[in-house]
Every structure is written in structure tokens, then in C-alpha cells.
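Accompanying notes for the structure given below.
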Protein chains: 2
Amino acid sequence: MVMAPRDELVFDVFARNCTSRPVMDTVAGRWGILTLAALLEGTHRFNELRRRVDGVSEKMLSQTLHALERDGLVTRSVLSAIPPRVEYSLTAAGKRIADKLTELIDLVEAEMPGISQAQAAYDAER
Amino acid sequence: MVMAPRDELVFDVFARNCTSRPVMDTVAGRWGILTLAALLEGTHRFNELRRRVDGVSEKMLSQTLHALERDGLVTRSVLSAIPPRVEYSLTAAGKRIADKLTELIDLVEAEMPGISQAQAAYDAER
DNA sequence: CGGCATCCCATCCGATACTG
DNA sequence: CAGTATCGGATGGGATGCCG
């Protein structure tokens with residue numbers, strides 16, 4: 001994060017102490033990617049998300065959602081009712097990022113056959 | 001990772017034990033993203049990468065490069081010379097993934113002003 | 001220069017238990 | 001249902017020292 005001409009802020013994730021670094025960690029982290037991608041499919045309740053993001057613990061999902069809400073990428077709406085009903089959905093910025101993450105997921109999944117083969121070849125040599 | 005008709009392998013990163021999960025962790029992890037994006041700019045030597053990926057330790061860069069090499073996304077070439085010269089570059093698959101990661105970086109950096117504002121608003125309320 | 005080996009601490013994260 | 005609180009083990013990751 002450095003100053004450019006005319007006080008325009010430039011964010012550079014390659015710079016050690018740029019504020020974009022922790023944001024990238026949240027967004028591209030193990031659970032951030034999957035949570036945002038799941039929410040791109042539509043609004044989810046907490047336990048719906050837990051089932052969709054297979055393997056995530058209550059704690060990590062809660063923590064991830066809080067961080068994404070703080071970043072303005074996810075909105076949390078509490079519907080007063082018994083039993084309680086809380087719904088999570090994407091903001092406009094969240095949608096844009098989730099779209100890109102979904103492209104990444106699709107690409108990596110498409111590359112997996114080659115990757116698996118490379119891993120097997122690598123492991124065979126040692 | 002489940003079987004589809006006709007023995008076609010389908011990789012699903014949402015599934016708890018899909019082999020694509022650790023690959024996503026490497027590729028989208030803190031240092032994986034930056035390392036791949038840096039290599040998209042061209043071949044780099046080890047210490048060039050260390051300077052470009054500001055803040056990465058020798059240990060983590062070494063670890064990340066090994067994982068990426070194992071996944072077939074990065075090639076390591078040793079040029080016999082004194083002092084030793086080792087060059088890292090992207091494979092074709094590595095380029096495709098690094099391209100997508102660079103798009104993600106650019107998007108997140110572009111969203112940073114809004115994100116910073118959301119963080120400040122969130123923090124002010126508690 | 002380009003590493004690997006070791007030590008050690010911080011945090012991540014899952015499991016469990018509890019609450020409104 | 002939708003969480004919070006706490007604990008303890010696993011992992012991440014920096015610092016240092018050594019080697020070809």
C-alpha cells in the first residue's frame with residue numbers, strides 16, 4: 001500500500017504489510033473460498049452452509065463468516081423466530097469475488113487429472 | 001472425488017476428502033498465490049523470488065516451490081555453475097492457474113477501498 | 001547462491017461442552 | 001437452530017546454523 005500521484009491509494013498484495021494481505025488470506029483461505037463459492041449458489045442458513053462446505057467445523061465456519069462480514073463481502077440477517085433463523089448471503093462485492101473464486105475452483109478441478117499424474121510421477125522418483 | 005458414469009473421474013473440492021483439497025490449499029494458500037503470480041512475470045531464481053514475494057521465509061518458499069513442483073505447476077532447473085544457479089518457471093498448467101490467480105489478485109486489490117471502509121465501519125460498532 | 005536440518009513458538013483448528 | 005467458550009494437539013512459520 002503506497003501513495004500514488006494525487007493521493008490515490010494503491011494496494012499491492014506483494015508488499016509485506018499491505019492491508020490486502022489479510023483480506024487475501026480470508027478470501028482465498030481454505031474455508032473462505034468454499035464459503036464464498038457456496039453462497040454464490042444462493043442464501044444459506046448456518047447449518048446449510050456446514051453441510052455444503054463438507055468438513056468445516058462450527059468454529060471455523062463461524063470465524064470465517066465473521067471475517068467475511070467484516071470485509072463487507074457477506075451479510076448476516078437474523079430473522080426473529082423460534083427456532084432462530086439466520087441467513088447469510090453475498091454483497092455485490094462478495095458476488096464479484098465469489099465469481100472469480102468459482103472460476104478458480106473450476107479451473108483447478110479441470111487440471112486435477114494432470115496434477116494427480118504429476119504427483120504420482122514425482123512420488124515414484126523418491 | 002466420486003465415480004461418474006463410464007469411470008470418468010470427477011473432482012469436487014466441496015467434498016471433504018477430495019484430492020483437490022490439498023491442491024487448492026497449496027495453490028490458493030498465502031504463499032502459493034504470490035509465488036505463482038510472481039512466476040507468471042517470468043522465470044525467477046530462488047532469491048529473486050524471495051525478494052518479489054515480500055516477507056516469505058526461506059523455509060516457506062522452499063516448501064511452497066516443492067509442493068508446486070510436485071503438482072506439476074512449476075519446473076525447477078539447475079544450471080551447473082559456480083555459484084549455483086537454480087531457475088523456477090511455470091509449466092503450461094501452472095500458467096493457466098497463475099493467470100486466474102492474477103485475475104483474483106487484481107480483483108481483490110480493486111475491491112480494497114470498499115473492503116477497508118467496511119472493516120472500519122464494522123470495527124467502529126464494537 | 002541455494003538450499004536443508006533443527007529448534008521453538010504462535011496460530012490454527014477440531015473436539016467437546018455449554019447457552020439463548 | 002445458531003452459535004460461544006475452552007482445551008489441547010497439529011501445523012505453520014520464523015530464526016539459526018550448516019553444507020555443497
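Computed from a predicted model, the values in this text were never measured in an experiment. Keep in mind that the numbers below use all heavy atoms, side chains included, and drop hydrogens, waters and symmetry copies. Quick note on labels: first sequence line is chain A, next is B, and so on, each numbered from 1.
- Rounded to an integer number of Å, the gap from A:Leu61 CG to C:dG14 P is 11 Å.
- With distances taken from any side-chain atom of B:Glu58 to the nucleotides D:dG17, D:dC1, C:dG14, the minimum falls on D:dG17.
- Residues of residues 29-56 of chain A that place a heavy atom closer than 4.0 Å to DNA chain D, in numerical order, are A:Arg45, A:Phe46, A:Asn47.
- Checking the phosphate oxygens (OP1, OP2) of D:dG3, a side-chain nitrogen or oxygen of A:Tyr88 falls inside 4.0 Å.
- Residues forming a salt bridge (Lys or Arg N to Asp or Glu O under 4.0 Å) with B:Asp25 (at least two apart in sequence, or on another chain): A:Arg30.
- The side chain of A:Lys59 approaches D:dC7 more closely than any other nucleotide in the set D:dC1, D:dC7, D:dG13.
- Separating the CE atom of A:Met60 from the C1' atom of D:dA10 is a distance of 14 Å, rounded to the nearest angstrom.
- Interface residues of residues 62-79 of chain B facing DNA chain D, ordered by number: none; criterion, heavy-atom separation under 4.0 Å.
- Tested against B:Arg50 for a side chain to side chain contact (heavy atoms under 4.5 Å, CB included), the candidates B:Asn47, B:Asp54, B:Val53 yield a single pass: B:Asn47.
- A single hydrophobic cluster is not seen to contain both B:Leu79 and B:Leu90; linkage of ILVMFWY side chains at heavy-atom distances under 4.5 Å, directly or through other members, places them apart.
- Linking ILVMFWY residues whenever their side-chain heavy atoms come closer than 4.5 Å, directly or via other members, leaves B:Tyr122 and A:Val86 in distinct clusters.
- In B:Glu48, the CD atom is crowded: over 12 heavy atoms of neighbouring residues, nucleotides or ligands sit closer than 6.0 Å.
- For B:Glu125, there are no salt bridge (Lys or Arg N to Asp or Glu O under 4.0 Å) partners at least two apart in sequence or on another chain.
- Under the side chain to side chain donor-acceptor pair (under 3.5 Å) criterion, the residue pairs touching residues 62-81 of chain A are A:Arg70-B:Asp123, A:Asp71-B:Gln119, A:Thr75-A:Ser89, A:Arg76-A:Tyr88, with sequence neighbours excluded.
- Residues that satisfy the salt bridge (Lys or Arg N to Asp or Glu O under 4.0 Å) test with A:Arg45, not counting sequence neighbours, are absent from this structure.
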